[in-house]
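Step one of this worksheet: look at the structure below.
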Amino acid sequence: MDKTLDKKLDNAIWVAHSLFQRGKASGSVANLSFVHEDKMYITASGTCFGTLKADEFAVMDMDGNPYNEKKPSKEWPLHLSVFQAKPSTGAVLHVHSTYSVLWSCLPDLNESDCIPDHTPYLKMKLGTVGLIPYEKPGSQELFNEFEKRVKENDGWLLSHHGPVVPGNDIMEAFFALEELEESAHIAWELQKIT
Ligand SMILES: [Zn+2]
């Protein structure tokens, strides 16, 4: 029994359940990944964060070749490009959380730092968030746009789609994603009254 892998799976499942229970990852559109022994473990296609289990992960090598029989989330190339561009990354989270998506639909956002820092916590927990122009989810065009910015920023917001957040491990990615969503919520509320 690999205790390190078990711990990573336990944490990933806790994060998925927590995000689902609090309405930050609805339906089956969210996905997450982590690295273990030079392999990427990513939630399988069609899985739901609310019911995620340890046997619902596809395993791939760092060139994107399948390592088990599970079909990965169709957004797996986004995850792989983060791990390839930033080798110290241990996990990546992607959701369609409401306030980040609302903010991503506004015109004239700063592409190199798209979430205003009304509080210091997003910069402390994550850093700058780059805006990725809209392309169809799962398309090669989206992956190409993402790759252009992946080295430039610490996290990313896919326009009209949702955030992609890395961390040294899944808990760090979770804390950063929570801060991104809170910052987008605060910015959204403030822009209604200013
Ligand atoms: Zn998505």
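Only a predicted model underlies this, so the values are computations on that prediction, with no experimental measurement involved. Hydrogens, waters and symmetry mates are skipped; everything else that's a heavy atom, side chains included, is used. Just follow the structure's listing: the first ligand is 1, and inside any ligand the first atom is 1.
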His94: its N/O/S atom lying closest to the Zn ion (ligand 1) (atom name): NE2
Cationic N near anionic O, under 4.0 Å, Glu178 to Lys24: yes
Pair Glu179 + Lys123, salt bridge at N-O below 4.0 Å: no
Shortest-distance N, O or S atom of His161 relative to the Zn ion (ligand 1): NE2
Within 45° cone and under 6.0 Å: Lys39 NZ/CZ vs Tyr67 ring: yes
Opening angle between OE1 in Glu75 and NE2 in His96, taken at the Zn ion (ligand 1), to 10 degrees: 140°
Note: Glu152-Arg149 ion pair, threshold 4.0 Å (strictly below): no
